[in-house]
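As the structure is a computational prediction, the values presented were derived from the model and not from experiment.
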Amino acid sequence: MTFSGTQHQDASGDASARLGHRQITTVMSGLVLGMFLGALDQTVVSSALRTIADDLHGLTAQAWVTTTYLVTATLATPLYGKLSDIHGRRPVYLAAIALFTAGSLLCASATSIYTLAAFRAVQGLGGGGLMSLAMTIVADITTPRERGRYQGWFMAVFGGASIVGPLVGGAFADRAGLLGIDGWRWIFLINVPLAAAATVAVLRVLRLPQRRVHHRLDHPGALALAVGLVPLLVVAEQGRSWGWASPGVLALYAVGAAGLGVFVVVERRTGDAALLPPRLFRIRSFRLGVALHFVVGIGMFGAMTTLPLYLQLVRGMSPIAAGAATLPTVLANLAVTLVVGRLIARTGRFKVHLVAGCGSLAAAMLVFATLGVDSPLWQAALGMALMGAGLGAAMQTLTTLAQCEVPREDMGAATASVNFFRSNGGTVGTAAFLSVLFSTAAGRIADRLAEARQDAAYRRLLAEPGNAHALTGVLRPGGGVRLQDSAFLQTLDRGAALPFLQGYVASMRVVFLAGAAVSLVAFLVAAWRVPNLTLGDD
């Protein structure tokens, strides 16, 4: 449908329209389905990842499954912003859905952890556009003050996906098979009907006026960005096994730094056609917004990847039970997101919510760092509630901060940049946190095993037939451990498993403390550097 009313064309290629609430909600109905598709996939995969990794014999390589998705999504995000400026929002959004669906079908056919990671990269090429384009379209049709209210709906979509995703992922992961197909493969196959529904909705409701912007695509910038980012992200994942100062890693550092240097030069020369226009970084609120998105993304994705491992590895929960246990995060996120969106629309003020959200995230990380093997579940639930509240208050206000002083003609590039930096932070956080976890867990477990073996009762426990069978291939000569597959913990006696659980908890504590430090940096920057702006109605 084409809306009438007071409109003007801007350089982004879409109409900047002063639409009524009903008209905006009609457009939103199409956008939220596409965003739900991407959000659901991330939460479904997260809750089932341990089962997938065990089935494909790649527990310690599971970070690749998340990292490759985030890498390609990160690289694709600024491209989607520019492509939508050139060709219009709707066709590019539909292309993103199609790519995401193709990647999902490939993932369902994966035969190893590494082929799954490769297919997740294809998914990421589509997923990079699902959120950024939706947020760009909302920015096209709303005023700065209204924006927080409607962007809050997207956060609510994420909250809904966080409720449904872990439960669906856990349900499929708990099943050995369904209709002759491995249960976990259905977490990718369910994307197909969802993508079909999203496509129909977008075709029906997303019909805003548009004129093409005659810019060339910044191919040199895209290539330089890939050369700069990919080596650094690979180091974040593989540095623990290759050695952080090994010759190969040092070479990747050099290639990445050179690629980023070339990218900066190319972007300055490209001007208006740049993927990330340098002029945007002269706007203070934009600089702060993207920087905080990067920092918060590190802590958010790192915690969201590590917490399910605590619930499943340490607490022994099934995937579906672990998914249900995360409900405090989801409920707090939903409640705070909706309340904060309305408060911003009413008052035009957002800094107080941003500061409170970053503080709540830091507090959540500290609570997670105190968790032990036998900590009560209410303690974990408290941390989850704090994390959900922090994300609900911080994420939409960070986007508002980055957009609030950007001219409308730069809104597509600015919104893509916001998602680009958040995805970068998520990629770094996921890869680095899991790298720290698995690089330290083996040593900590070995230390606790050595202590426990000094007790004759524990040695007798290990010698029992059931425990000895479960540990076949896990215990190495000399006291080391092999952690490629965590399935042995499901059959190991609780007493015999205690040193393993204690080792995992000790490593997770390091991860959560690092997340607390990162979140504290975001809190201090938000409190002292973010201007206390009042959003307008223009």
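S507 contributes no side-chain N or O that, together with a main-chain N or O of Y504, makes up a donor-acceptor pair within less than 3.5 Å. Judged purely by atom type and a 3.5 angstrom limit, S109 uses its side chain to pair as donor or acceptor with the backbone of L106. Judged by distance alone, with hydrogens and angles left aside, the side-chain atoms of S519 form no donor-acceptor pair with the main-chain N or O of A516 at under 3.5 Å. R529 contributes no side-chain N or O that, together with a main-chain N or O of L524, makes up a donor-acceptor pair within less than 3.5 Å. A donor-acceptor pair under 3.5 Å is formed between the side chain of Y458 and the backbone N or O of A496. Not one N or O on the side chain of R422 forms a donor-acceptor pair closer than 3.5 Å with the backbone of H293. Remark: side-chain polar atoms of S375 are paired, donor with acceptor, to backbone N or O of G372 under 3.5 angstrom. Side chain of R287 to main chain of A402: no donor-acceptor pair is present (N/O by atom type, distance under 3.5 Å, no hydrogens or angles). R459 contributes a side-chain N or O that, together with a main-chain N or O of R453, makes up a donor-acceptor pair within less than 3.5 Å.
No donor-acceptor contact under 3.5 angstrom links the side chains of T329 and T326, judged on distance only.
Within the 4.5 Å cutoff, side-chain heavy atoms of L354 are placed close to those of V530. Using a 4.5 Å heavy-atom threshold, the side chains of P220 and F263 count as separate. In this structure the side chain of T440 never reaches within 4.5 angstrom of the side chain of V510, judged on heavy atoms. When side chains are defined from C-beta on, L105 does not count as touching Q123, because their heavy atoms never get closer than 4.5 Å. Residues E451 and P499 form no side-chain contact, since every pair of their non-hydrogen atoms from C-beta on lies 4.5 Å or further apart. Using a 4.5 Å heavy-atom cutoff, the side chains of L501 and R448 are not in contact. Looking at L391 and M300, their side chains come closer than 4.5 Å, going by heavy atoms from C-beta outward.
Separation of atoms CZ (F512) and CZ (F368) is listed at 6.0 Å; rounding is to 0.5 Å. Taken to the nearest 0.5 Å, the CG atom of N191 stands 4.5 Å off from the CZ atom of F100.
Minimum interatomic distance between S360 and A389 (heavy atoms only, all atoms of both residues): OG-CB, 4.1 Å. The two atoms that bring C358 and A526 nearest to each other are SG-CB, 4.4 Å, heavy atoms only.
Partners of F286 by ring pair (Phe, Tyr, Trp, His ring centres under 6.0 Å), not counting sequence neighbours, listed by chain and number: F281.
Counting non-hydrogen atoms of neighbouring residues, nucleotides and ligands closer than 6.0 angstrom, the CZ atom of R268 reaches no more than 12 such neighbours.
Identified under the salt bridge (Lys or Arg N to Asp or Glu O under 4.0 Å) test for residues 489-503, with sequence neighbours left out: D374-R494.
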